[in-house]
Amino acid sequence: MIPIRRGMRRPVRRSAGIPARNAGDPPTPPGTPLRPTGSPSRTGETVPVEDAPSNPVVRNDAHDRVVTEVLAARHFRHLSPDLVARVTTIEAPKVRRHDEAVARVKRKLHQIANAYTPALHAPRDAADALRSAAGDEDALRTLAISLMYGHASTAERLPVHDLIAPRLREAIHGTSGSDGPINPGERVEAETPARILDLACGLNPLMIPWLGLPRTCRYDAYDADSRLVSIVQAFLEAWGQAGSATVRDIGGQDTTETADVVLLLKAVPCLEQVRVGTSRRILETLNANRVIVTYPVQSLGGNDRGMRATYRQAFDNLVAGLPWHVAELRLPDELGYLLTRKAPPAPVSQ
Ligand SMILES: C[S@@+](CC[C@H](N)C(=O)[O-])C[C@H]1O[C@@H](n2cnc3c(N)ncnc32)[C@H](O)[C@@H]1O
């Protein structure tokens, strides 16, 4: 086992957040409404939320005070400022008072992010341990397994790791893993991806040693939690995998990057909890050949509660009318689908 050591800390790459109030800004008058008022923001624009095509952030002084207070809190300061700002735009107008808005935003952020990481301890030490093990494949595999217990979504896969890893590997390479031919009536050749995007990745990129990817395959991972991103970045470097991990709110700006395979694992329910329709928009705007979408079949508390049937219906609605062939994946303890584009775009050139 690799000893966990302190030192060699690196700053995590963060996407730009909204600026905090400047010391010289006038204080917010008591009773300033939390609803977007149409008054100009710092950029001089106010965008109505519901009419907009994606998820713009509507800013005013009251909004910024909520964001600043949430990001100052110990349990929330590791989250993407863009995500906090977007959730505030949606949640704060539903209540009248500042303290109610702060509580409401925190509750939502807990549901979609913090609820998955109660077992995540000492993320900086984890990143340091990974860097210390750089180049030692056996040590990195051992570390990856132990670190994946730190996120509820990857921890759930560990009891079935030997079953799920080959299925994910097959789906990523476009060979099988499904209950039928990927495109009905067509034979599909194995295709090693040149670029993978892992959206709302959690600690899933620590599965890379079991996915049969060449080190030259670019693996780019996004999550709203900077602690997870720092661990994933350290792992990618230590394993020698091309690609990077970045703090990003994937429900904010459209993801228009080109990739061979996109992973959207257990992330749809989180995205839809903030704003219904976000996942469909991601599927509409992605420039990818294949997408793997999965859903949990148990709640975080371990209850079944008919989730498989509920999410099967949700998935059918999600892809209805979109240009993807759909095949169900045989994944243990997870509802999974492989989407292949009906008319694929040109392959990625590196
Ligand atoms: C259910 S977990 C899934 C993690 C991983 N995909 C897996 O299956 O192991 C959801 C993850 O999404 C992240 N998340 C939630 N909303 C997000 C957003 N809008 N942008 C980026 N990440 C988000 C959370 O931090 C959390 O790690």
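Residues: numbered from 1 along the sequence shown. Just so you know, ligand 1 is whichever comes first in the structure, and atom 1 is the first atom listed for that ligand.
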Q: Is there any protein N/O under 3.5 Å from an N/O of ligand 1, and what does the full list of such pairs look like?
A:
{"residue": "ligand 1", "atom": "6 (N)", "partner": "A200", "partner atom": "O", "Å": "2.7"}
{"residue": "ligand 1", "atom": "6 (N)", "partner": "L265", "partner atom": "O", "Å": "2.8"}
{"residue": "ligand 1", "atom": "8 (O)", "partner": "R157", "partner atom": "NH1", "Å": "3.4"}
{"residue": "ligand 1", "atom": "8 (O)", "partner": "R157", "partner atom": "NH2", "Å": "2.7"}
{"residue": "ligand 1", "atom": "8 (O)", "partner": "L265", "partner atom": "O", "Å": "3.1"}
{"residue": "ligand 1", "atom": "9 (O)", "partner": "R157", "partner atom": "NH1", "Å": "2.9"}
{"residue": "ligand 1", "atom": "19 (N)", "partner": "D249", "partner atom": "OD1", "Å": "2.8"}
{"residue": "ligand 1", "atom": "20 (N)", "partner": "R248", "partner atom": "O", "Å": "3.4"}
{"residue": "ligand 1", "atom": "20 (N)", "partner": "I250", "partner atom": "N", "Å": "2.9"}
{"residue": "ligand 1", "atom": "22 (N)", "partner": "A224", "partner atom": "N", "Å": "3.1"}
{"residue": "ligand 1", "atom": "25 (O)", "partner": "D223", "partner atom": "OD1", "Å": "2.7"}
{"residue": "ligand 1", "atom": "27 (O)", "partner": "H151", "partner atom": "NE2", "Å": "2.9"}
{"residue": "ligand 1", "atom": "27 (O)", "partner": "D223", "partner atom": "OD2", "Å": "2.9"}

Q: What's the shortest heavy-atom distance between H325 and R341, and which atoms?
A: CD2-O, 4.4 Å

Q: Output all residues satisfying salt bridge (charged side-chain N to carboxylate O under 4.0 Å, His left out) with E284, sequence neighbours left out; order by chain, then residue number.
A: R280

Q: Measuring from Y295:OH to R308:CZ, what's the distance to the nearest 0.5 Å?
A: 13.0 Å

Q: Quick one: ring pair (Phe, Tyr, Trp, His ring centres under 6.0 Å) partners of H161, sequence neighbours excluded?
A: W210

Q: Identify, with sequence neighbours excluded, every residue that meets ring pair (Phe, Tyr, Trp, His ring centres under 6.0 Å) alongside Y222.
A: none

Q: Could you walk me through whether E100 and K106 pass salt bridge (charged side-chain N to carboxylate O under 4.0 Å, His left out), step by step?
A: CA-CA 10 Å; E100 292 173 320; K106 285 182 175 176; over 6 Å; no

